[in-house]
Amino acid sequence: DAGVTQSPTHLIKTRGQQVTLRCSPKSGHDTVSWYQQALGQGPQFIFQYYEEEERQRGNFPDRFSGHQFPNYSSELNVNALLLGDSALYLCASSLGRGTGELFFGEGSRLTVL
Amino acid sequence: GNSVTQMEGPVTLSEEAFLTINCTYTATGYPSLFWYVQYPGEGLQLLLKATKADDKGSNKGFEATYRKETTSFHLEKGSVQVSDSAVYFCALSSVYNQGGKLIFGQGTELSVKP
């Protein structure tokens, strides 16, 4: 049973560029949440997707956007990258929107130069 | 707003020592509380959880009790092993947020020496 898979695992971008990160949820899960984890910090909630719609959003600017596909996989897009966007981006999946029992992927490490 | 505060690390212990990692929270209502663990090079894994006051979550020898009166959820283990070396995150999920939105503490790094 495949867990949550994310791609790419590492990437380097320059300021002003755009990036797309991808996530496949654990088999049977229909809800995907994205988190940003800065070095030495706890993850911070970006947004959650369920039934192909953004259902909740954290305190992140509109430069951060996402999408969920009919097969429940998801993308996180970040436009106009800033140095401060350098972080580990974590995808988490769950069945439904409740309980808080999330299954996390290993993350995509983004470095912005 | 809701928040989670953990004791700062790193915490360094010898094998078989007793572990306590403190976690306190601020939240409206009655949140669910969690401990997640992040082993080197891996994603976060749910270690244990408690959904109401006085509940005790336990897993792999770790325990934590939901204390509403002190708004705490301290993680304990009676005898740590080298394999327990990881970063531990305390988190809460507010009843007013419909799942998926966890609020994490800053993490506590644990290093266990042989």
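Here is the naming used below: chain letters follow the sequence lines, and residue numbers restart at 1 for every chain. Because the structure is a prediction, the values reported are computed rather than measured.
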Worksheet item: Linking Ile, Leu, Val, Met, Phe, Trp and Tyr by side-chain heavy atoms under 4.5 Å, what else ends up with A/Ile12?
Response: A/Leu113

Worksheet entry | Interatomic distance, B/Leu102 atom CG to A/Leu102 atom CG [nearest 0.5 angstrom] | 4.5 Å

Worksheet entry | Same apolar cluster (I L V M F W Y, side chains within < 4.5 Å links), A/Leu88/A/Leu21 | no

Worksheet item: Crowded around B/Glu69 CD? As in, over 12 foreign heavy atoms under 6.0 Å?
Response: yes

Worksheet item: Between A/Ile46 and chain B, which part of the residue has a heavy atom less than 4.5 Å away: side chain, backbone, both or neither?
Response: neither

Worksheet, complete the sentence: Here the ring pair (Phe, Tyr, Trp, His ring centres under 6.0 Å) pairs for residues 39-62 of chain B, sequence neighbours left out, are B/Phe62-B/Tyr88

Worksheet item: Taking a hydrophobic cluster as the set of Ile, Leu, Val, Met, Phe, Trp and Tyr residues connected by side-chain heavy atoms closer than 4.5 Å, whether directly or through intermediates, do B/Phe34 and A/Phe45 fall within one such cluster?
Response: yes

Practice prompt. Please say whether more than 12 non-hydrogen atoms of neighbouring residues, nucleotides or ligands are located less than 6.0 Å from CG in A/Leu39.
Written response: no

Worksheet item: If you round to the nearest 0.5 Å, how far is CZ of A/Phe104 from CG of B/Leu46?
Response: 9.5 Å

Practice prompt. Report whether B/Phe104 and A/Phe47 are members of the same hydrophobic cluster (ILVMFWY, side-chain heavy atoms less than 4.5 Å apart, transitive linking).
Written response: no

Item to complete: Considering only heavy atoms, give the residues of residues 59-77 of chain A separated from chain B by less than 4.5 Å, sorted numerically, with 'none' for an empty result.
Response: none

Fill in: Heavy-atom contact with chain B under 4.5 Å, split by part of A/Gln6
neither

Practice prompt. Hey, could you give me the CZ/NZ distance between A/Arg57 and B/Lys101, rounded to the nearest 0.5 Å?
Written response: 11.5 Å

Practice prompt. Please state whether the side chain, the backbone, both or neither of B/Gln38 comes within less than 4.5 Å of a heavy atom of chain A.
Written response: side chain

Worksheet item: Is atom CD of B/Glu8 surrounded by more than 12 heavy atoms (other residues, nucleotides or ligands) closer than 6.0 Å?
Response: no

Practice prompt. Considering non-hydrogen atoms only, spot the tightest contact between B/Phe89 and A/Gln37 and give its length.
Written response: CZ-NE2, 3.2 Å

Discussion item. Just to verify, what does B/Lys52 make a side chain to side chain contact (heavy atoms under 4.5 Å, CB included) with, not counting sequence neighbours?
Written reply: B/Asp55

Worksheet item: Are B/Leu75 and B/Tyr66 linked, directly or through other ILVMFWY residues, by side chains that come within less than 4.5 angstrom of each other?
Response: yes

Worksheet item: Between B/Tyr36 and A/Pro43, is any pair of side-chain heavy atoms under 4.5 Å apart?
Response: no

